[in-house]
Amino acid sequence: MNFDETDLAILRLLRNNARISNKALAAKTGIAPSTCLTRVRRLERKGVIAGYHAELNPAAVGVRIQAMIGVRMVRHVRADVEAFRAHAMAQKETVAIYNVTGADDFLVHVAARDTGHLHQMVLFVFTERPEVAHVETRLIFEQARTEGFPLYAAEQSDPA
């Protein structure tokens with residue numbers, strides 16, 4: 001999808017504050033509220049805006065420890081990869097899952113109540129899977145996020 005500067009401005013503003021009102025969004029981008037709403041709905045329809053969420057404080061919701069779990073598969077076949085992905089995504093502790101290159105096949109970001117909860121999860125949720133050959137747990141000491149994905153205009157998308 002080709003974005004003009006107004007689309008990019010809308011996306012940047014929504015990325016930083018998904019609760020911004022349409023009126024404020026329109027004012028900050030210099031367009032009419034009706035035009036702004038039409039553009040936002042088009043971006044949603046096209047799948048550019050995939051959803052809206054609230055950023056939660058982990059400690060406030062009982063999360064005392066987070067980890068990245070590196071998972072190596074026994075075999076690299078579609079059925080095993082899809083089975084593991086579905087299993088990992090079904091766990092309430094899973095924050096995100098990444099299918100990656102390198103020594104590990106997956107990195108699974110998990111959030112747990114405490115070290116005992118994390119230990120039980122690694123033992124029973126990951127190591128007992130028949131398609132899993134190896135797991136390695138890396139504790140997360142600190143998490144910082146940027147504003148999100150970079151936004152590129154159409155002419156910037158093809159690096160020269």
Side-chain angles (χ1 to χ4, degrees), residues 1-73 76 78-113 118 121 125-126 135-160:
M1 184 172 174
N2 292 329
F3 305 111
D4 63 15
E5 287 304 317
T6 303
D7 288 333
L8 292 172
I10 288 170
L11 291 170
R12 283 186 190 99
L13 289 163
L14 286 172
R15 178 184 61 196
N16 294 331
N17 178 8
R19 294 185 58 155
I20 189 171
S21 70
N22 185 64
K23 184 177 179 182
L25 187 59
K28 289 182 181 250
T29 56
I31 58 177
S34 60
T35 303
C36 186
L37 186 58
T38 299
R39 282 178 174 254
V40 169
R41 287 184 177 158
R42 178 179 50 85
L43 291 166
E44 290 171 342
R45 227 179 16 260
K46 297 285 187 181
V48 176
I49 298 174
Y52 301 91
H53 73 277
E55 186 81 26
L56 304 179
N57 176 340
V61 295
V63 172
R64 301 286 184 252
I65 191 166
Q66 294 183 63
M68 292 297 281
I69 300 174
V71 177
R72 291 184 202 144
M73 306 295 289
H76 296 98
R78 182 185 309 257
D80 287 357
V81 168
E82 289 175 357
F84 178 77
R85 182 187 310 109
H87 176 73
M89 289 299 292
Q91 307 307 309
K92 67 181 179 190
E93 297 89 355
T94 298
V95 175
I97 184 168
Y98 306 92
N99 188 203
V100 296
T101 63
D104 294 323
D105 299 302
F106 286 96
L107 290 176
V108 185
H109 179 182
V110 298
R113 290 185 305 277
L118 177 62
M121 193 179 66
V125 173
F126 295 107
V135 297
E136 187 171 333
T137 304
R138 296 168 182 90
L139 297 181
I140 297 172
F141 291 130
E142 180 182 357
Q143 179 181 357
R145 290 176 33 141
T146 65
E147 292 179 347
F149 287 105
L151 305 174
Y152 301 111
E155 63 275 0
Q156 297 173 326
S157 64
D158 186 28

So, does N16 use its side chain to make a donor-acceptor pair with the main chain of R12 at under 3.5 Å?
-> yes

Could you walk me through whether Q91 and M121 pass side chain to side chain contact (heavy atoms under 4.5 Å, CB included), step by step?
-> CA-CA 9 Å; Q91 307 307 309; M121 193 179 66; 5.6 Å; no

Closest heavy-atom pair, A59 versus R64, reported as atoms and distance to 0.1 Å, is O-NH1, 2.8 Å

Taking C-beta and beyond as the side chain, do F106 and V81 meet within less than 4.5 Å on heavy atoms?
-> yes

Quick one: pull up CD1 in I65 and CZ in R113 and give me the separation to the nearest 0.5 Å.
-> 12.0 Å

Just wondering, do F3 and L11 contact through their side chains at under 4.5 Å, heavy atoms?
-> yes

Of all heavy-atom pairs linking I97 and A88, the shortest is CD1-CB, 3.6 Å

Would you call R72 and D105 a salt bridge, taking side-chain N to carboxylate O under 4.0 Å as the test?
-> no

Would a 4.5 Å heavy-atom cut-off, applied to side chains only, mark T29 and R39 as touching?
-> no

In short, T137 meets A67 closest at the heavy-atom pair CG2-CB, 3.8 Å

Do K46 and D7 sit within salt-bridge range, that is, some charged N less than 4.0 Å from a carboxylate O?
-> no

Rounded to the nearest 0.5 Å, how far does CE of M73 lie from CZ of R85?
-> 9.5 Å

State the CD1-CG distance between I20 and L25, to the nearest 0.5 angstrom.
-> 5.0 Å

Once you round to the nearest 0.5 Å, how far does CG of L151 lie from CD of E5?
-> 10.5 Å

So with a 6.0 Å cut-off around CZ of F141, is the heavy-atom count from everything else above 12?
-> no

Validation row: L14, L43 side chains within 4.5 angstrom (heavy atoms) | no

Taking all heavy atoms of G70 and all of D104, pick out the closest pair and write down the distance.
-> CA-OD2, 3.5 Å

Rounded to the nearest 0.5 Å, how far apart are CZ of R42 and CD1 of I49?
-> 9.5 Å

Assign the ring pair F126 / F84 to parallel, tilted or perpendicular, where the plane angle (0 to 90°) is split at 30° and 60°.
-> tilted

Pairwise side-chain contact, L139 with L118, heavy-atom cut-off 4.5 Å (strictly under) | yes

For the residue pair V95 and V110, what are the closest heavy atoms and their distance?
-> CG2-C, 4.2 Å

Taking it one step at a time, do I10 and I31 satisfy side chain to side chain contact (heavy atoms under 4.5 Å, CB included)?
-> CA-CA 10 Å; I10 288 170; I31 58 177; 4.2 Å; yes

